[in-house]
Number of protein chains: 2
Amino acid sequence: MSQIDLSERQRQVLATVVAHYVVSGSPVGSRTISKARPDHLSPASIRNTMADLEEMGYLAQPHTSAGRVPTDLGYRFYVDSLMSQRPPGKDDLETMRHVLLASENDQGIDEILSRSVKLLAGLSSQVGVVLAPRFSHAVLKRLEFLRISEDRVLALFISQTGMVDHRIVPMKESLSEAELTAVNNLVNENFAGLTLPEIRSRVLQMMRQEKALYDRLLARAMEMSSHYLDQREEGADELLVDGTFNVVGEPDFADVEQMKRLFKAFEDKNRLVELLNACLQQNKPQVIIGKECLDPGFEDLTIISSPYRYRERPVGALAVIGPRRMDYERLITLVDSFSRFLTESLARRTRMTGSEQAEHQKNGTEDTCDP
Amino acid sequence: MSQIDLSERQRQVLATVVAHYVVSGSPVGSRTISKARPDHLSPASIRNTMADLEEMGYLAQPHTSAGRVPTDLGYRFYVDSLMSQRPPGKDDLETMRHVLLASENDQGIDEILSRSVKLLAGLSSQVGVVLAPRFSHAVLKRLEFLRISEDRVLALFISQTGMVDHRIVPMKESLSEAELTAVNNLVNENFAGLTLPEIRSRVLQMMRQEKALYDRLLARAMEMSSHYLDQREEGADELLVDGTFNVVGEPDFADVEQMKRLFKAFEDKNRLVELLNACLQQNKPQVIIGKECLDPGFEDLTIISSPYRYRERPVGALAVIGPRRMDYERLITLVDSFSRFLTESLARRTRMTGSEQAEHQKNGTEDTCDP
DNA sequence: ATTGGCACTCGTCTGTGATGAGTGCCAATG
DNA sequence: CATTGGCACTCATCACAGACGAGTGCCAAT
């Protein structure tokens, strides 16, 4: 990293350029900076410093006689070492508390998430994205098979946090009501408190055991569970997007062709899911600036993302997506505190339905998890 | 209606203007039309006719020395009386058949719908919208209450067509497993084969009956059902939207401010739901052109919508939304045949799970329905 | 090292004139 | 009497030119 060898003045100038550019949107010149400084350094001196910064790749000129704009590298340096880390704005915090707590008493985590994404878009004036808790991290509270026709059952998955998922599973040979109840009991006895990957390995393990060969119902239980697991894939329906209209009319996206690509990117949710998944392991907000994101269509965007947790594990993420020219200082703290809020909210949900917590410990989930 | 008193020539000219304008996008002049006619009527004559049409409100001039463009009224007359009704394109039909039949064997009506909306957007190159089957028209196959904590149960609604809905319902006093099973039995005995509004009135009716006062479990069953019904509202999650990027960069939406409003409209799904609901009672594709839609934000749009049916009743709708300048002929037939396809697809789904059909008849649903 | 001065660059704005598509009107025509 | 050719007029679009000004780089003086 060549970042250490920036002089104090260079750092200050770069910071001022970024600060001005993100609000004005037009290249900032030496005069502007000179005036913004407490010591009245002349424009000429600033020009020298700016020329240095340009040489080092932190600034760029749109054309010869224009001011400077930050490059991706310039922004990067700004967020990494220049930006002051203010606490989040009181207003933002207050609104978040208000909206999220209001929906917490309602049921349905879906509701909280959909409000969250709207709020995130609203507060940031950018595109808001929320990746719903991944089912692969969800802890099973109950798995139930319900008959819906002669040869098909509905598999119903309920997680500790209250997420619900259902799939239709074919049934090779019909089971009586009593048998189906027995199957349900078997399933819940064996799987309660486990995550999906854990259930998968448990299923494989049990299918190998001799016992299953003789206990017909157990065999069926494992078979149906296995079917359900196969049906479940991480799909695009787990991603919420809102606020795309915020990005329409941004001067930064003047080019129509580019804008078209942009919207295609927002509708292709699979790619967004991948992007957000990538940030799950971080424990600070992650900032991806322009070309740092290799995905085509995102070259001119910045993504600020942060995971939220459940039981110390990251289970989902939220992000703000906008033009590279954005208010990093505010938005990073916004995303950060938003993810904390969601984490706390999930924790509170567990406490509400906490009766099964002991059971979870008993099954020893903590050690056998894969990310 | 003053539509009858258009002379044959006026009709032809109007038709030609629309036909040319929808493909070229620029105002069409008298010369162009003159050349397009088999009889070589001179531009001057055409001009006279066009002046007439303008006076009558079917055409308009963007500015003095430009050609004519159709007005809302002009388009209206075109779709009502001028347009030839071609059968849908072989290609479109083939693609629809291919995509829809492929997903039919999968489970999950959600999957079919989400593929449909993507396909609709793709084929039309406009914004595609699908209103999922309204639960208020759904016929209950099974309603199940599942305990998820001491004081809350999950209400699970499964319809004949395989739609699934779930809500969390609070439970005032705890019920034992056996009691809950009894409640479930009571509920299904009473409600199977009914639609939601029917269930609602049945609940009210039963709560009034003396019997319920004495049968504690029956009272609880009704109370919980009532809770579920209250939770259920027609929400925004029933609407699928795709292809918004198709509308970005349309020359018709040059104005940025307008485009912003447009995207806000697409994200405010409640309003779209209302719009589509309005077309449920039609049995032909409905076309709403520009200012005919009173909703602000839609003044410059055209909506082509058509309901799809289940058991002879309209249960959902699909639509194509785009600029007023669109290929009405192709898109109307497209939407029309698409809705037929969906209707047929739903019918086939019933046949697949047809074992309960008799039961449905028995409960006498056909007469007691409200729209 | 800092600064004022100066020539230079180049995007933006403004005005002008040419171009051409298209119109409305009118008088001539079959 | 509908149709038509001719003609003057309108107006958006384009290209070109000049003025303007923000901003730069360089250099010599402090």
Side-chain angles (χ1 to χ4, degrees), chain A residues 5-14 16-21 23-71 74 251-252 254-255, chain B residues 5-14 16-21 23-71 74 251-252 254-255:
Chain A
D5 48 0
L6 279 195
S7 73
E8 183 54 28
R9 171 174 305 167
Q10 286 170 329
R11 297 166 60 93
Q12 286 176 5
V13 169
L14 179 52
T16 318
V17 170
V18 172
H20 271 77
Y21 184 63
V23 310
S24 77
S26 44
V28 13
S30 51
R31 253 183 76 84
T32 319
I33 296 196
S34 166
K35 273 188 289 187
R37 294 176 64 92
D39 58 340
H40 285 289
L41 216 55
S42 81
S45 311
I46 304 292
R47 280 205 284 279
N48 288 328
T49 313
M50 286 172 113
D52 293 348
L53 286 169
E54 181 167 7
E55 211 167 299
M56 289 187 268
Y58 295 109
L59 293 180
Q61 281 181 292
H63 54 265
T64 322
S65 76
R68 297 323 206 275
V69 300
T71 59
D252 308 75
D255 183 15
Chain B
D5 48 359
L6 279 194
S7 73
E8 182 54 26
R9 172 175 305 168
Q10 286 170 330
R11 298 166 59 93
Q12 285 176 5
V13 169
L14 180 52
T16 319
V17 170
V18 172
H20 271 78
Y21 184 64
V23 311
S24 77
S26 42
V28 11
S30 51
R31 254 184 76 83
T32 319
I33 297 197
S34 165
K35 273 188 289 186
R37 293 179 64 95
D39 59 341
H40 284 290
L41 215 55
S42 81
S45 311
I46 303 291
R47 279 204 284 279
N48 289 327
T49 313
M50 284 172 115
D52 293 347
L53 286 170
E54 181 167 6
E55 211 168 300
M56 289 188 268
Y58 296 108
L59 293 181
Q61 282 182 293
H63 53 265
T64 322
S65 76
R68 286 347 197 263
V69 299
T71 61
D252 306 76
D255 184 15

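So you know, we letter chains A, B, ... as the sequences are listed, proteins then strands, and number each from 1.
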Just by distance, no angles: are the side chains of A:S30 and A:R47 close enough, under 3.5 Å, to form a donor-acceptor pair? yes
Taking the nucleotide of DNA chain D with the nearest heavy atom to each, does B:H63 or B:L41 sit closer to the 5' end? B:L41
Sequence-aligned protein contact record of nucleotides 20-25 of chain C, with B where the base is within under 4.0 Å of a protein heavy atom and S where only the sugar-phosphate is: -BSBB-
Does C:dT3 have OP1 or OP2 under 4.0 Å away from a side-chain N or O of A:S45? yes
To the nearest Å, give me how far apart CD1 (B:I46) and C1' (D:dA2) are. 13 Å
Rounded at 0.5 Å granularity, tell me how far NE2 in A:H20 sits from CD1 in A:I33. 7.5 Å
So do A:I46 and A:S34 actually touch side chain to side chain, heavy atoms under 4.5 Å? yes
Can you tell me the distance, in whole Å, between the CG atom of A:D52 and the C1' atom of C:dA1? 13 Å
Out of curiosity, B:K35 NZ to B:L41 CG, how far, rounded to the nearest 0.5 Å? 15.0 Å
Using atom CD of B:Q10 as one end and atom P of D:dA2 as the other, report the distance to the nearest whole Å. 12 Å
Validation row: B:R9, B:V13 side chains within 4.5 angstrom (heavy atoms): yes
Nearest 0.5 Å please: distance from the CG atom of B:D39 over to the CD atom of B:Q12. 7.0 Å
Nucleotide-level pairing of DNA chain D, given in dot-bracket where Watson-Crick and G-U pairs need both distances under 3.5 Å and | marks other strands: ||||||||||||||||||||||||||||||
Could you tell me how far apart A:I33 (CD1) and C:dT2 (P) are, to the nearest whole angstrom? 15 Å
A:T71 side chain to A:A60 main-chain N or O, any donor-acceptor pair under 3.5 Å? no
Among B:L59, B:V17, B:V69, side-chain contact (heavy atoms from CB on, under 4.5 Å) partner for B:V28: B:V17
